[in-house]
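Notes follow once the structure below has been shown.
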Amino acid sequence: MAGQASSELDAGSPLAVSLRGVTKIYDSGVAALGPVDLDVKRGEFVSLVGPSGCGKSTALRLIAGLAAPTAGTVGVSRLAAEMRGHHPIGFVFQEPTLMPWASVRENVRLPLKLAHAPTGEADARIDEALAQVGLAEFARAYPRELSGGMKMRVSLARALVTDPDILLMDEPFAALDEITRFRLNNDLLALWRKLHKTVIFVTHSVFESVYLSQRVIVMTARPGRIGAEFHVSATEPRGEEFRTSAEYAAFCRQVSNALAPAYAGHAGA
Amino acid sequence: MKSSLHAVRLLLPVVVFAAAILLWEAIVRINDIQPYVLPGPVAVFETLISDWPVLSQSLGVTLLTTLEGFVAAAIGGIVLALLFNQSKWLEYSLFPYAVILQVTPVIAIAPLLLIYLQQQTAVVVCAWIVAFFPVLSNTTLGLNSVDRNLAGLFQLYGATRLQTLAYLKLPAALPFILGGLRIAGGLSLIGAVVAEIAAGTAGAGSGLAFRIAESGYRLNIPRMFAALFLLSVAGIVIYGLLALISHLVLRRWHESALGKES
């Protein structure tokens with residue numbers, strides 16, 4: 001049975017994303033994912049953690065509709081955003097994935113241009129998105145003139161510019177230095193509190209996942225399945241104090257312990 | 001230190017050129033070689049001045065042919081690459097013939113073309129045959145070099161084929177296309193010259209290559225050299241112009257046009 005690429009979830013449903021029995025087997029015969037059942041509530045911040053090759057990026061691509069599942073159903077709540085005339089999903093890749101020939105402003109404009117949004121409205125939304133990530137002054141710069149962290153912010157602004165309900169992030173800060181990553185983590189949390197988006201965040205960093213999320217999902221190695229699930233019930237809002245607290249360390253230890261078997265079965269890890 | 005090294009790099013070829021010219025003139029004078037055997041550079045330069053009316057007119061003819069061949073090659077190469085990119089069937093059906101056209105020596109095709117086409121058309125077609133392939137293959141390479149994640153992004157936002165082509169594939173392919181055009185510029189001059197020589201032996205034409213052939217029959221060696229000099233200068237100018245255009249178009253973003261330090 002062939003799976004279905006992102007069907008619509010019930011408008012009244014409290015869920016933003018719902019995976020049911022989803023598997024993905026690539027044409028090469030590699031079983032990348034599943035079967036996986038996963039529900040993500042509206043406004044929830046969920047992290048997927050696991051060893052490389054555990055299918056966490058594949059899961060994001062399936063939710064985004066960039067690939068179709070081999071079996072199972074992917075349900076995504078698109079209607080609310082589409083009713084406002086907005087694109088329901090924003091995607092941030094591991095690389096900044098910017099167009100090198102276009103300025104920061106034109107890069108952020110891309111989703112609106114593809115949707116034929118009127119110029120005046122688009123300009124206002126681009127200004128807003130750039131301000132949200134703190135890049136208002138760099139609108140005219142070209143990607144090569146920016147640092148790695150700033151490029152990632154542009155990528156984030158581009159994902160936010162359509163005011164999506166769901167933000168999918170595929171190891172977005174993995175290539176950045178630690179200080180820059182911490183700052184982007186904090187800014188992302190602040191944005192999430194302000195904008196109430198549903199965020200699904202893929203990372204291989206236990207510390208990052210615990211710091212950011214309400215729920216951490218640990219995945220096992222190929223084919224990726226859900227191995228364990230943790231609710232990070234820390235006090236909000238989180239900040240640098242939380243990062244150095246015993247509570248944070250305890251959560252990290254729990255997640256690390258759950259992750260260990262996945263790595264043990266992983267040759268060369 | 002760095003700027004002096006730069007100056008040396010520019011100066012050395014000039015010094016070599018001047019030395020070669022001097023040596024050439026000296027050999028001709030010391031051995032008293034006749035101009036119909038080997039003219040000295042001074043004699044060549046004098047011929048360039050005295051025969052300028054004839055030579056400049058021929059230069060104009062050759063340059064026009066080259067330009068027509070180049071424009072046809074640029075349009076043909078890019079359009080064909082776009083069609084191939086949109087339809088695999090078309091690519092599989094036609095690409096082998098593009099290769100065949102490229103690997104068959106144009107000097108062997110030229111006499112045939114001259115039989116079936118008007119001379120002016122045949123010359124332009126020759127220039128096109130030689131020049132279009134690098135544009136085609138470079139554009140194809142460029143269109144296929146699009147960042148996979150960027151392509152995914154366009155897919156995510158529901159871009160149409162035309163949008164993907166205009167906003168993603170063509171800009172991504174631009175450096176490759178410009179590289180292909182740079183090669184095509186020089187090649188279309190070669191194609192024009194080859195066809196002119198083939199046509200010239202058939203007794204018609206007035207381009208620079210025809211002048212060279214004609215002067216050869218008349219043992220007017222200084223004029224051969226003068227015409228050859230003009231062809232060489234034309235080639236250098238064409239390359240320089242295309243390199244400049246490429247630099248100006250890409251300077252804001254592409255690695256090839258950026259300084260090493262940035």
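The contact between A:Arg158 and chain B is made by backbone and side chain atoms together, counting heavy-atom distances below 4.5 Å. Looking at A:Glu145, the atoms closer than 4.5 Å to chain B (heavy atoms on both sides) all sit in the side chain, from C-beta outward. Proximity to chain B is limited to the side chain of A:Phe93, based on heavy atoms less than 4.5 angstrom apart. Heavy-atom distances place the side chain of A:Leu110, and not its backbone, under 4.5 Å from chain B.
A distance of 9.0 Å separates CZ of B:Arg148 from CG of A:Leu66, quoted to the nearest 0.5 Å. Of the inter-residue distances, the one linking B:Leu153 atom CG with A:Leu98 atom CG reads 9.5 Å to the nearest 0.5 angstrom.
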| field | From CA spacing to verdict: side chain to side chain contact (heavy atoms under 4.5 Å, CB included), A:Trp101, B:Leu174 | value | CA-CA 10 Å; A:Trp101 55 85; B:Leu174 193 60; over 6 Å; no
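The two residues B:Tyr157 and A:Phe91 have their closest heavy-atom pair at OH-N, 4.4 Å. What you find for B:Gln163 and A:Leu114 is that their closest heavy atoms are NE2-O, 3.1 Å. Closest non-hydrogen pair, B:Asn149 versus A:Arg61, comes out as OD1-NH1, 4.2 Å.
With a 6.0 Å radius and a threshold of 12 heavy atoms from other residues, nucleotides or ligands, A:Arg183 has its CZ atom at or below the threshold. Within 6.0 Å of atom OH in A:Tyr142, more than 12 heavy atoms from other residues, nucleotides or ligands are found, so the atom counts as buried in its surroundings.
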